[in-house]
Amino acid sequence: MSKSVTTVHAKDPLWRRSAAEIRRARSVAWAFARRDLQLRYAQTRMGWLWSIGQPLLAAAIVLIVFSWIVKVEAPYGLSYPLYAFAALPAWLMAQHVLLQGAPSLVHNQHIVSKVFFPRTALPLSKAGVALVDFSVATLLFWVYRAWTTGMWIEGLHWVLLFAVMGLYAALGLAYWIAALSVRYRDGLALLPFLVQGLFLLTPIAYPTERFASALGDHAWLLYLNPFVGVADGMRFGWLGLGDWNDYHLISFGVAFGLFVTGTWALKAVERTLIDDL
Amino acid sequence: MSLPSHLALQTQGLAKRYFGRGSFKGTHYWALKPLDLEVAAGSALGLMGPNGAGKSTLLKLLSGLTHPSAGGYQYRGQMTSLLEVGTGFHPDLSGRENVYLSGALHGMSRQEMAQRMEAIQEFAGLHDQYMDHPIKHYSSGMKVRLGFSVAAHLHADILVVDEVLAVGDASFQAKCLQSMEAQMSEKGRTVLFVSHNLYALQSLCPQSLWLDRGEKVRYGASADLVTDYLKQAHGPNAAFASGHGVASGSGKLRLTDMEWMAGPPQTGVANTLRIAYEGEGDQHDVDIRLNVHGNDGRFIAPLAMHAHGFAPSVLPASGEVYVHFEAMPFMEGWYSVQARVTERGVVAYEHKNVWGFHVASGGFLAQAPAYPSGKNGVHLRQDWRLEP
């Protein structure tokens, strides 16, 4: 017989993760992402126009609150919208992954408890819609930047790099919360505050320098929040502000660390997932 | 450990332990005690046992949903488990997209599902136009048919099936059973099958494993096991005494006891069934329906209150009703009883295996000799004559 034999034993090491498993996780994630995309904006009047409408609304809120009411000003005499909106698409992507990915195991209990697939697939699938939204918002900002500054392709590779970092950080965090939520739903109760807190603690709508000056010599602490690195990097890429900053490496490290440990965390709860959920 | 080539699946000391939570902290129990099992390639194994016997735990372990606490198992080829029909179906997606999604969850690519789409559609008996409609517009029967159809067309060397035949109408159930048989005989698949429908189990699986409280009770020919299982699990007053199985319903009224008043029933002899119930408040418009099943799980006859003209508008909160038989119509053998009681049209009590009884052999009529038969059933009054 040519068919392969699969062996499962109580004493299998916890971290064993085969290539087949990773492939499976990807294909299941893709199927879920496809489902989410197909169902996105089902039964809405405006349909896909919402993927343009949503980032515009988010931008309008930032503009009204931070520019008109709080009167935050962009550094280097830049126009505020250009400055603040640079980091917005990446943040919206991270926000979507967090809000949708973290509770995805609990929300899909009925599926999770009936069929086995690598559990990272569910939170991972939320990156699908997030990436589509990110692309649309990025396209909008790209046109806006070209229109106001005349820059077309400058810095796009940095934008891409920092977007990937943002995605990894958001996925890692979503994996962790999803893994913990199997037994402790507290993480899900905290989720809205976490997302709101991250938005306010990340210099998206205000200059990084403001934050950094508050910390003095310990400015590097700021970059333990990987989204600070992302926001900084986005402005670095889009607007050429600041320099490549060694602190970015801290953010990269944290983002990657979150992703790897988050993957493990989900793998670890996989074994008893349906007993605890 | 290596898997002998004639086996599709082998478990060695496979066990699962659960730890108590909350007020049960520090305690634990074995949902499945160490189990050694060998399933030959291309064969079908039935799993039987009351609720809480460990059947579902075994299936969850094999499907990878939960990890063993001790021991392990190995299998050859691809194993697909089917613990539910239509897993992952989303009401807003079209039938076609749901087929792709459900397939993906079971490890099938879109391309593989596309190749099978026509067969799936045909098996489910759905027209083209329906396949492109969101399944929220389907009837529940259509959804079930599509779900099973997907399952029947998944690529698998070993198919683990839990109670999925309990859904759908009788003709579709028969079709599913046929399809499972075909899968084994034509495609050489190995099937592990759990069902409370012992008739289906017996007709599909030559061999069965009987579990109770996480332990193997017996392993052997399904026909023998089913008979003994019914005797043991659904013997007289089994459910009332041991709490086997789970009752559902509003609880306004519960059946508490059943008894043949004239002693062990015998074919052709008069007897009266006493049905005791308990509840709260006046019981309005109560209808008790008992479905009597034979020793292989086949439905044999209903005992129905309203259908036999007995429909009191009010009954006391607790009390008894009686069913009188001038001549016991049931032939020799074991019978199990399914109960469903409604009060004002609301299901107050429902139990799949509430009671069982044995009928001793006897003549259908006072003077006639006993009728020997390997199977049980009911006697119909009939007149034999030389002239019409």
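All figures in this text were calculated on a predicted structure; none of them were measured in a lab. Below, chains carry the letters A, B, ... as their sequence lines are ordered, and counting in each starts from 1.
Proximity to chain A (any heavy atom under 4.5 Å) is restricted, for B:Y18, to the side chain, taken from C-beta onward. For B:N98, no part lies near chain A; criterion is any non-hydrogen pair under 4.5 Å. Contacts between A:R34 and chain B at a heavy-atom distance below 4.5 Å involve the side chain alone, from C-beta outward.
By number of non-hydrogen pairs under 4.5 angstrom with chain A, the leading residue of B:G77, B:G88, B:P68, B:G71 is B:G71. The candidate with the highest count of non-hydrogen atom pairs below 4.5 Å against chain B, out of A:K114, A:R119, A:Q38, is A:K114. Listed options B:A15, B:S109, B:G64, B:S81 were ranked by heavy-atom pairs under 4.5 angstrom with chain A; first place goes to B:G64.
To the nearest 0.5 angstrom, B:S69 atom OG is 10.5 Å from A:R271 atom CZ. The distance from the CZ atom of B:R110 to the OG atom of A:S27 is 12.5 Å, given to the nearest 0.5 Å. From B:Q12, atom CD reaches atom NE2 of A:H9 across 7.5 Å, with rounding to the nearest 0.5 Å. One distance of note links CZ of A:F116 with CG of B:L83; it measures 13.0 Å at 0.5 Å rounding. Atom CG of A:L273 sits about 14.0 Å away from atom NE2 of B:H67, to the nearest 0.5 Å.
More than 12 heavy atoms of other residues, nucleotides or ligands lie within 6.0 Å of CH2 in B:W30, so this atom counts as buried by the packing criterion. Within a 6.0 Å sphere centred on CD of A:Q109, other residues, nucleotides and ligands contribute more than 12 heavy atoms. Taking a 6.0 Å sphere around OH of A:Y144, one finds it holds more than 12 heavy atoms contributed by other residues, nucleotides or ligands. The 12-atom threshold is not exceeded at OH of B:Y130, counting heavy atoms of other residues, nucleotides or ligands nearer than 6.0 Å. Enclosure of atom OH in A:Y168 is not indicated, since only 12 or fewer non-hydrogen atoms of other residues, nucleotides or ligands lie within 6.0 angstrom. Residue A:R26 places its CZ atom among 12 or fewer non-hydrogen atoms of other residues, nucleotides or ligands, all under 6.0 Å distant.
In this structure the side chain of A:V115 never reaches within 4.5 angstrom of the side chain of B:S63, judged on heavy atoms. Counting only heavy atoms from C-beta outward, the side chains of A:F32 and B:L105 approach each other to under 4.5 Å. Put simply, the side chain of B:M79 does not reach to within 4.5 Å of the side chain of A:T6, judged on heavy atoms.
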Checklist entry - Stepwise, does the side-chain contact (heavy atoms from CB on, under 4.5 Å) test hold for A:V5 with B:Y75? => result CA-CA 5 Å; A:V5 172; B:Y75 59 90; over 6 Å; no
Item to check | side-chain contact (heavy atoms from CB on, under 4.5 Å) between A:R35 and B:L93, intermediate numbers included | outcome: CA-CA 8 Å; A:R35 176 195 74 174; B:L93 284 180; 3.7 Å; yes
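Smallest separation of non-hydrogen atoms from A:A31 and B:A104: CB-CB, 3.3 Å.
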